[in-house]
Amino acid sequence: MNFRRIWQVSLAVAVLMFIIGMATDDKDVRRYADEMERLMAKGDYQKALEVGSKSDKTDRRLLQLRIEALAHEHQLGERLFAYPIEGRGSDLVKKGGDYALCGYLIDKQLDRFAELLPKYYKMDNQLPRYYREALIQYNHVRSHPRIVFHDNVLDTDYRDMQQLEAQHSEPEARQMAVFRQYEGTYWYYYGYLNTTAR
């Protein structure tokens, strides 16, 4: 039995599977974007937001379509980070309002987010979900935050997440544990996703 030959064939098969998987992902993402554009052209923004919503794949075009659909539905701060994020948010900042707030959050610029937020929202528990989560994160990473914000439920959830992280010394195990319980939160995004930000 030639183990070297088996190893070479196995490696070739793995590379081929990876390439096929990437091609399939790209095709799916293009199909999602095309379908979203079609639905948005008809004015069906809610249905457009359902397209590919269970997939963890995206690209800049698909993300921009989701951002526009969410903005149309006044849901940017409530739902954006439930979708995969790719790239930087600096283009959004120029548009102001929720676009700018979400752009700063995408880029993990919590100080700028906290500076801008009071211009558009009252600091209470009626803030959109991801703005509240971002403020909790901000209050934990800054010793002298510009905005002091507390929410009993979110504060408890954040402390629970920190305790969960402390239970795992290996980065991969820590991320998997946090993913299982906190996927879709701004905290998971801030700590583990979009490494191009900051």
Side-chain angles (χ1 to χ4, degrees), residues 21-117 119-121 125-138 154 157 161 175-176 178-198:
M22 291 295 289
T24 302
D25 290 345
D26 287 348
K27 193 176 193 179
D28 288 345
V29 168
R30 281 194 303 273
R31 186 171 45 85
Y32 297 152
D34 291 345
E35 179 66 8
M36 280 196 75
E37 281 183 342
R38 187 184 69 74
L39 290 165
M40 289 167 69
K42 289 172 30 178
D44 197 346
Y45 291 89
Q46 281 295 337
K47 187 107 175 172
L49 287 167
E50 295 171 16
V51 175
S53 63
K54 304 289 189 225
S55 173
D56 64 349
K57 306 296 181 225
T58 195
D59 65 7
R60 300 272 307 157
R61 176 181 170 221
L62 183 57
L63 178 61
Q64 290 304 316
L65 288 167
R66 286 175 171 156
I67 287 169
E68 292 307 321
L70 288 168
H72 185 274
E73 298 296 303
H74 307 288
Q75 291 287 305
L76 262 175
E78 193 68 36
R79 295 176 55 192
L80 178 61
F81 292 93
Y83 296 99
I85 306 291
E86 181 178 290
R88 301 189 62 82
S90 50
D91 290 342
L92 296 175
V93 171
K94 301 168 193 168
K95 295 182 174 186
D98 284 315
Y99 288 105
L101 291 167
C102 287
Y104 286 136
L105 291 184
I106 287 170
D107 290 345
K108 303 179 184 181
Q109 295 182 4
L110 294 179
D111 293 311
R112 291 186 173 183
F113 167 78
E115 182 180 338
L116 186 62
L117 185 63
K119 294 179 182 176
Y120 297 102
Y121 289 93
N125 288 343
Q126 300 304 309
L127 285 167
R129 172 193 174 177
Y130 290 117
Y131 297 172
R132 286 182 284 125
E133 290 180 358
L135 285 175
I136 297 295
Q137 179 77 43
Y138 171 68
L154 290 180
D157 286 347
M161 184 188 74
Q175 182 173 357
M176 185 53 68
V178 174
F179 172 81
R180 284 190 196 113
Q181 292 190 38
Y182 296 95
E183 178 202 14
T185 64
Y186 183 72
W187 309 325
Y188 180 73
Y189 173 83
Y190 185 88
Y192 300 97
L193 300 179
N194 200 359
T195 55
T196 62
R198 277 199 288 189

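If you read the sequence from its start, that first residue is 1, and numbering goes on from there. These numbers come from the heavy atoms of this one structure, side chains and all, not from hydrogens, waters or symmetry mates.
Nearest heavy-atom pair, L65 versus A33, reported as atom, atom and distance to 0.1 Å: CD1-O, 3.4 Å. Of all non-hydrogen atoms in I67 and Y99, the two that sit nearest each other are CG2-CE2, 3.7 Å. Of all heavy-atom pairs spanning L105 and Y189, the tightest one is O-CE2, 3.5 Å. The shortest non-hydrogen separation linking E86 to D59 is OE2-CA, 3.7 Å. For the residue pair M40 and A69, the shortest heavy atom distance occurs at CE-N, 3.9 Å. When every heavy atom of R61 is checked against every heavy atom of D34, the shortest pair comes out as NH2-OD1, 2.6 Å.
Rounding to the nearest 0.5 Å places CD of Q137 at 8.5 Å from CH2 of W187. Here NZ of K27 is found 12.5 Å from OH of Y32. Values are rounded to the nearest 0.5 Å. The CD1 atom of I85 lies 10.0 Å from the OH atom of Y83; values are rounded to the nearest 0.5 Å. Atoms OG and CE, on S53 and M36 in that order, are 10.0 Å from each other to the nearest 0.5 Å. Considering CD of Q126 and OH of Y121, their distance stands at 12.0 Å, rounded to 0.5 Å. To the nearest 0.5 angstrom, L92 atom CG is 11.0 Å from Y104 atom OH.
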_Show, in sequence, the C-alpha distance, side-chain angles and deciding distance for D157 and T185, and conclude whether the side-chain contact (heavy atoms from CB on, under 4.5 Å) test is met._
CA-CA 11 Å; D157 286 347; T185 64; over 6 Å; no
_Stepwise salt bridge (Lys or Arg N to Asp or Glu O under 4.0 Å) check, K94 with D91_ = CA-CA 6 Å; K94 301 168 193 168; D91 290 342; 3.7 Å; yes
*Hey, mind stepping through Y131 and F113 against ring-ring contact (aromatic ring centres under 6.0 Å, His included) and telling me if it holds?*
CA-CA 9 Å; Y131 297 172; F113 167 78; 5.6 Å; yes
_Working note: L116 + V93, criterion side-chain contact (heavy atoms from CB on, under 4.5 Å); need CA distance, chi angles, decisive distance, verdict._
CA-CA 11 Å; L116 186 62; V93 171; over 6 Å; no
*asked:* side-chain contact (heavy atoms from CB on, under 4.5 Å), that's the test. Do D107 and R112 meet it? Break it down for me.
replied: CA-CA 10 Å; D107 290 345; R112 291 186 173 183; over 6 Å; no
_Before you tell me yes or no, could you show the steps for Y186 and L110 under side-chain contact (heavy atoms from CB on, under 4.5 Å), namely the whole-Å CA-CA distance, both residues' side-chain angles and the distance that decides it to 0.1 Å?_
CA-CA 11 Å; Y186 183 72; L110 294 179; 3.8 Å; yes
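Remark: F179 engages M176, E183, Y188 in a side chain to side chain contact (heavy atoms under 4.5 Å, CB included) (not counting sequence neighbours).
P84 has its side chain within reach of R66: a pair of non-hydrogen atoms, C-beta onward, lies under 4.5 Å apart. Using a 4.5 Å cut-off on side-chain heavy atoms (C-beta onward), L135 and L154 make no contact. The shortest side-chain heavy-atom distance between L63 and V29 does not fall under the 4.5 Å cut-off. Using a 4.5 Å heavy-atom threshold, the side chains of N194 and I106 count as touching.
The pair R31-D28 meets the salt-bridge criterion, with a side-chain N (NZ, NE, NH1 or NH2) lying under 4.0 Å from an Asp/Glu carboxylate O. Salt-bridge annotation for E35 and R38: present, with a side-chain N of the basic residue lying under 4.0 Å from a carboxylate O of the acidic one.
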Atom pairs and distances, side-chain donor-acceptor, residues 70-78, under 3.5 Å, sequence neighbours left out:
residue: E73; atom: OE1; partner: Q46; partner atom: NE2; Å: 3.0
residue: E78; atom: OE1; partner: R129; partner atom: N; Å: 3.0

